[in-house]
K.L.:
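The following block contains the structure, expressed as structure tokens.
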Amino acid sequence: MDVKEQLNLIFREVFDDDAIAITPQMTANDVEGWDSLSHITLIVAIEIKFKIEFNRKELRGFKNVGDLLNAISAKIKT
Amino acid sequence: MKSVIENDQYNIGHICSRQQVERGLGGETAFRWISAKHERAEYSFADLDRESSKFANVLKGLGFAPGEILFTFLPKTPEQFFVFLGTLKLQVICGTLFSNFGDDALLDRLGDARAKGVVTRKSLLKKLLRVRDRLPALRYVIVIDIDEHQSADILSYAKLMGQASSDFVALLTPPDTPSVLHYTSGSTGKPKGVLHAHRAVLHLTQTSREVFNLLDSDLFWCTADQGWVTGTSYGIIGPWSLGVTQLHYGGAYDARVWFDLIQNEGVTVWYSAPTALRMLMREPAELFRGYDLKALRHIFSVGEPLNPEVITWGRSVLRHDIYDTWFQTETGGIMIANRPGLAIRPGSMGTPVAGAEPAILADDGTPLGPDQQGSLCLKRGWPAMFSTFLNNPSAYASKFRGDWYATGDTAIRDADGYYWFKGRSDDVINTSGHLISPFEVESALLEVEEVAESGVIGAPDELLYEKIVAFVCLHKQFTWSRELEVKIRVHVGNRASSLATPQEIIVVSSIPKNKSGKIMRRVLKARYLGQDAGDLSTMEE
């Protein structure tokens, strides 16, 4: 399973929606229930699943799912 | 000021739409809609009247009768407004639900209200269908983004509206007719349905003028979701009862987007919340200096006490005062406020609005003098006062001491008549302006297989005002892990709401309880804050 597929599973679990199909352009405005509080749950879930950690600067820089995917991919390569 | 009541017609749906058309405002913009994807649309008062009348006919055709209950379970969309006003035109009670509510939250509210209908959208339908079989009174689910009816009771909004006549005259509505229903959390038991009456329009009109200083030429932006009383009282009723144009934006918080909207749309009066303002404070000041805010006359805030730092920031960075206002779901409208023309005392709630008669009372009901802390109470009788807790008259009666409604807040009044919020007299948590019941969070936590006991408190937080802190005691065979933390967070978020998700989860060996088994949240709070827990004589050994 590639990074995008794994991330999609996390989105489906956190936002309780089996129909979610993430795209790089997707933002919080496109996912029902993606608010500042569920975002924290999403980030913690990503960190655990991929065994990575984000710093504050990285967290502030995420504007869409594409940014998240790029950051995850960069971290798991290092 | 001329009353908005004409010919004894108190109907909010009528006053906010048809009456504005009759005043000659049919061609004027009622609201400018900006979607999350920044698509724009303008809806006139004539549009608002036509669409809400069609929806009233839809409900009538489905057999809804005055006094029955319909909920909206929607994010901010134009349909939210048409449905709300159309429902009220027929004298059906309109309840509103946050779109981030989970299964348990939906079940509690729709079940207690015995709702006959819900208007929602496709992406939220799944949540509703999961609890549907436990809602025997629910007859119709109307979905705003499907083209065809799915079954005899899952219906397409577009199809129903396409067949409905726009010819509808609101029934002559006496002032005490039930209107809007919002559920509010207490520290014990299930959420209670706060029922309002059409007479509330008097108070909402008056406070929109007195506090917001609304003028006919204004563009008013209330950022509150319609699931919150602010979103219906001042994101719908107050401004539209005066024929004032509103901006409604369907996207999430984003500092740049918000300020683009204020500048480019020409917002003149902006009503938001302290958490949002504190988030804006975290942005670099240069971001705001690039904006031309000349059109913006006033900024107001509601939901939690506004820290003096935010007021100072507003003055230095935005070059505007920020006026804090205070009210509750039960009060229906603003009762105490800072406002233009009144010197701001940073950190104060302000002074009472016309028609509000607050007092600080001791536990025995004795009035307290200046600077003495006590229970903030309001003399009953203002028009927006709630009528009852739905199906729970004894809980309603327990909120009153004679003629005084006890707000549950503690406060002081200074010698000059300004009120100062001091805290809550119960365990209810105010996070980002939303009241969360610790009981609801504890109940959701106990549904997680690994959790044996739970206790939940609110703790001070710089951004949220209060954050939710959960203490959990695990069954012996389980150990704590970050995976379990995610499981708990996801579960609470999806069963209650994302707002109820604990910000901190602390594993303990036991939860302090008194001898009758009640969770001693004050002990948990004192331990968390490193304070003396006080009298522990009633604590279970």
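Side chains included, hydrogens not; waters and symmetry mates left out as well; all remaining heavy atoms used. Chain identifiers are assigned alphabetically (A, B, ...) following the order of the sequence lines, protein sequences preceding nucleic acid strands; residue numbering begins at 1 within each chain. Note that the structure is predicted; figures quoted are calculated from it, not measured.
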K.L.:
Name the member of A/Leu42, A/Asp18, A/Asp17, A/Thr41 that forms the most heavy-atom pairs with chain B at distances under 4.5 Å.
P.N.:
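Between A/Leu42, A/Asp18, A/Asp17, A/Thr41, the count favours A/Thr41.
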
K.L.:
Do A/Ile40 and B/Gln503 touch side chain to side chain, with heavy atoms closer than 4.5 Å?
P.N.:
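Of all side-chain heavy-atom pairs linking B/Gln503 with A/Ile40, at least one is under 4.5 Å.
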
K.L.:
Using a cut-off of 6.0 Å, state whether more than 12 heavy atoms not belonging to B/Glu447 lie near its atom CD.
P.N.:
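Result for CD/B/Glu447: enclosed.
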
K.L.:
Rounded to the nearest 0.5 Å, what separation is found between the CG atom of A/Asn29 and the OG atom of B/Ser35?
P.N.:
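One finds 8.5 Å between CG of A/Asn29 and OG of B/Ser35.
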
K.L.:
Mind running side chain to side chain contact (heavy atoms under 4.5 Å, CB included) on A/Glu32 and B/Asn100 for me, showing each step along the way?
P.N.:
CA-CA 8 Å; A/Glu32 210 76 69; B/Asn100 65 8; over 6 Å; no

K.L.:
Identify the heavy atoms of A/Arg60 and B/Arg282 that sit nearest to each other, and give their distance.
P.N.:
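Where A/Arg60 meets B/Arg282 most closely, the heavy atoms are NH2-O, 3.9 Å.
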
K.L.:
Within a reach of under 6.0 Å around CD of B/Glu462, are more than 12 heavy atoms found that belong to other residues, nucleotides or ligands?
P.N.:
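Counting neighbours around CD of B/Glu462, 12 or fewer heavy atoms of other residues, nucleotides or ligands fall under 6.0 Å, so no.
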
K.L.:
If you round to the nearest 0.5 Å, how far is OG of B/Ser498 from CZ of A/Phe15?
P.N.:
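Spacing of CZ (A/Phe15) from OG (B/Ser498) equals 9.0 Å.
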
K.L.:
So what's closer than 4.5 Å to chain A heavy atoms on B/Lys487: side chain, backbone, both or neither?
P.N.:
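Contact with chain A is absent: no heavy atom of B/Lys487 under 4.5 Å.
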
K.L.:
Name the member of A/Val44, A/Val14, A/Asp35, A/Ile48 that forms the most heavy-atom pairs with chain B at distances under 4.5 Å.
P.N.:
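Answer, by heavy-atom pair count under 4.5 Å with chain B: A/Ile48.
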
K.L.:
Quick one: CG on A/Leu37 to NZ on B/Lys467, what's the gap to the nearest 0.5 Å?
P.N.:
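The NZ atom of B/Lys467 is 13.0 Å from CG of A/Leu37, to the nearest 0.5 Å.
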
K.L.:
Are the side chain of B/Lys126 and the backbone N or O of A/Asp16 linked by a donor-acceptor pair below 3.5 Å?
P.N.:
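Yes; at least one donor-acceptor contact below 3.5 Å.
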
K.L.:
Pick one of side chain, backbone, both or neither for B/Arg130, based on which atoms fall under 4.5 Å of a heavy atom in chain A.
P.N.:
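Side chain only.
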
K.L.:
Report the C-alpha separation of B/Glu483 and A/Lys49 in whole Å, then their side-chain angles, then the decisive distance to 0.1 Å, and conclude whether the side chain to side chain contact (heavy atoms under 4.5 Å, CB included) test is met.
P.N.:
CA-CA 8 Å; B/Glu483 285 79 2; A/Lys49 183 69 80 181; over 6 Å; no

K.L.:
What is the distance from atom OG of A/Ser36 to atom CG of B/Leu499, rounded to the nearest 0.5 Å?
P.N.:
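Output value for this atom pair is 8.0 Å.
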
K.L.:
Do B/Asn494 and A/Glu13 have side-chain heavy atoms sitting under 4.5 Å apart?
P.N.:
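In short, these two side chains do not touch, never coming nearer than 4.5 Å.
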
